[in-house]
J.: 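I'd like to ask some things about the structure below.
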Protein chains: 2
Amino acid sequence: MQDPLARYPGYVLRRASAAALAKLNERLEPLHLRHADVALLMLIDAQPGVSQSQAGRILDIQRANMVPFIARLEKQGLIERQQIDGRSRALQLTPNGQSILTQARQRVDDYEMALLNQVPASLRAHVLPILMALWGDSAP
Amino acid sequence: MQDPLARYPGYVLRRASAAALAKLNERLEPLHLRHADVALLMLIDAQPGVSQSQAGRILDIQRANMVPFIARLEKQGLIERQQIDGRSRALQLTPNGQSILTQARQRVDDYEMALLNQVPASLRAHVLPILMALWGDSAP
DNA sequence: CTAGACTGTTATATCTTATATCATTCATCA
DNA sequence: TGATGAATGATATAAGATATAACAGTCTAG
């Protein structure tokens, strides 16, 4: 037996996540994006005008960490901020952000397809339900 | 729909892993251990005398990062190193390390049980096979 | 015996995540 | 209406995890 921890779902969950994440970042590297960037772009695309703090809550990124994160994507010309009221700022994709997201989405879809195809066809339908269940209470 | 990314297995995999890891670290905090510490202790327990670099390869921790990692556990009196030959060093648990590991294992088992119980009973048998498949080629 | 590979180590850099604090602005309700 | 408490964005800072490059000593295969 090579890795005696392979019997523990929690451990395998962590290893699977790390391995998958590395593959995704590899695919996104040509677009100069990381997985978290694409997650935010996709969220903004699905909910245009979402506020910075709302986005942080949905993606589980703390307010303080959103600031440099958002700033970088804004600097790259992918998103823009509009003042909603005195405190909140609405996030929107720029045309360039839309374009980049389209390319990113293609790569994400390829990645998700490859990931699912690693699972035997007979089990494939159970993947998402099981992962959602493991995600647990904080899942949407 | 709250989180439009919840349809992507890869994304949910990452979120599930992060949520589970936080819970595990919470359970291990009273023992002043982190999840990676316990993984190493369990590995050494299962393969006494494993070398530092072997352990790193199995747990996917790079050689350079093993050094401070091992040093800390040695300083805590949980493991000890013995020179195998001129370069390799065999890792072993100290009696204290054994004792702490017993307590940690109880907490890990509780955690793994709670994690599995989040999954509907009818799907539970598929959890490990699916996670192993998602882990992919690098899995043991 | 020698060339190449392996081990542990040091130093360093980056990314991610977390905490604490602040000023401003909004919402509530007495 | 006016005051209190909560929310937002921001800043600074810290800690943890992960990655790369380089080095000296050691082993192994040819």
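Every chain is numbered from 1, with letters handed out A, B, ... down the list of sequences. Atom set for the values below is all heavy atoms of this structure, side chains included, hydrogens, waters and symmetry mates excluded.
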J.: Determine: side-chain N/O of B:Gln52 to OP1/OP2 of C:dT9, distance under 4.0 Å, yes or no.
T.: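 The answer is yes; a side-chain N or O of B:Gln52 sits under 4.0 Å from OP1 or OP2.
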J.: Find out whether B:Pro129 and A:Leu123 are in side-chain contact, i.e. whether some heavy atom of one side chain is under 4.5 Å from a heavy atom of the other.
T.: yes
J.: Write down the distance between CD1 (A:Ile61) and C1' (C:dT19), rounded to a whole number of angstrom.
T.: 17 Å
J.: Does a side-chain N or O from B:Ser53 land closer than 4.0 Å to OP1 or OP2 of C:dT7, or not?
T.: yes
J.: Please indicate whether A:Gln103 has more than 12 foreign heavy atoms, meaning atoms of other residues, nucleotides or ligands, lying under 6.0 Å from its CD.
T.: yes
J.: Write down the distance between CD1 (B:Ile79) and C1' (C:dG8), rounded to a whole number of angstrom.
T.: 14 Å
J.: Taking A:Leu21 as the starting point, is it possible to reach B:Val12 by hopping between hydrophobic residues whose side chains are less than 4.5 Å apart?
T.: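 As far as the 4.5 Å side-chain criterion goes, A:Leu21 and B:Val12 are not connected within one cluster.
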J.: Closer to the 5' end of DNA chain C via nearest nucleotide, is it B:Ile70 or A:Asn25?
T.: B:Ile70
J.: Separation of A:Leu21 atom CG from D:dT18 atom P, in whole Å?
T.: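 Taking CG of A:Leu21 and P of D:dT18, I get 11 Å after rounding.
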J.: If I take atom CZ in residue A:Arg15 and atom P in nucleotide D:dT18, what distance separates them, rounded to the nearest angstrom?
T.: 10 Å
J.: What's A:Ala64 touching, base or sugar-phosphate or nothing? Going by heavy atoms closer than 4.0 Å.
T.: base
J.: Hey, could you give me the CD1/CD1 distance between B:Ile44 and B:Ile79, rounded to the nearest 0.5 Å?
T.: 4.5 Å
J.: Taking the side chain as every heavy atom from C-beta outward, state whether A:Trp135 and A:Ile130 have any atom pair closer than 4.5 Å.
T.: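 No, too far: nothing below the 4.5 Å cut-off.
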J.: Tell me whether B:Glu80 at atom CD has more than 12 heavy atoms from other residues, nucleotides or ligands lying less than 6.0 Å away.
T.: yes
J.: For A:Ser88 and for A:Ala18, locate the closest nucleotide of DNA chain D by heavy-atom distance; then report the residue assigned to the nucleotide nearer the 5' terminus.
T.: A:Ser88
J.: Roughly how many Å is it from NE2 in A:His35 to C1' in D:dT18, rounded to a whole number?
T.: 12 Å
J.: Whole angstrom is fine here: how far is it from CG in A:Leu59 over to P in C:dA18?
T.: 14 Å
J.: In whole angstroms, how far is the C1' atom of D:dA7 from the CD atom of A:Gln54?
T.: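 Rounded to the whole Å, the gap is 12 Å.
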J.: Measuring only between side-chain heavy atoms, which start at C-beta, is B:Val38 closer than 4.5 Å to B:Leu31?
T.: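 No, every pair of side-chain atoms sits at 4.5 Å or beyond.
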J.: In whole angstrom, what separates B:Glu29's CD from C:dA18's P?
T.: 14 Å
J.: Is the phosphate of D:dA15, meaning OP1 or OP2, less than 4.0 Å from a side-chain N or O of B:Arg34?
T.: no
J.: Mind checking if A:Arg72 touches a base, just sugar-phosphate, or nothing, with heavy atoms under 4.0 Å?
T.: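 Nothing, no nucleic acid heavy atom in range.
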J.: Using a cut-off of less than 4.0 Å, is there contact between a side-chain N or O of B:Gln62 and OP1 or OP2 of D:dA19?
T.: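 Result: yes.
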J.: Give the B/S/- string for nucleotides 23-30 of chain D, one per nucleotide from 5' to 3', where a protein heavy atom under 4.0 Å of the base yields B, of only the sugar-phosphate yields S, and otherwise -.
T.: --BBS---
J.: If you go through the side-chain atoms of B:Asn65, does one of them form a donor-acceptor pair with the base of D:dA19 closer than 3.5 Å?
T.: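 Counting by modelled atom types and ignoring angles, a donor-acceptor contact under 3.5 Å is found here.
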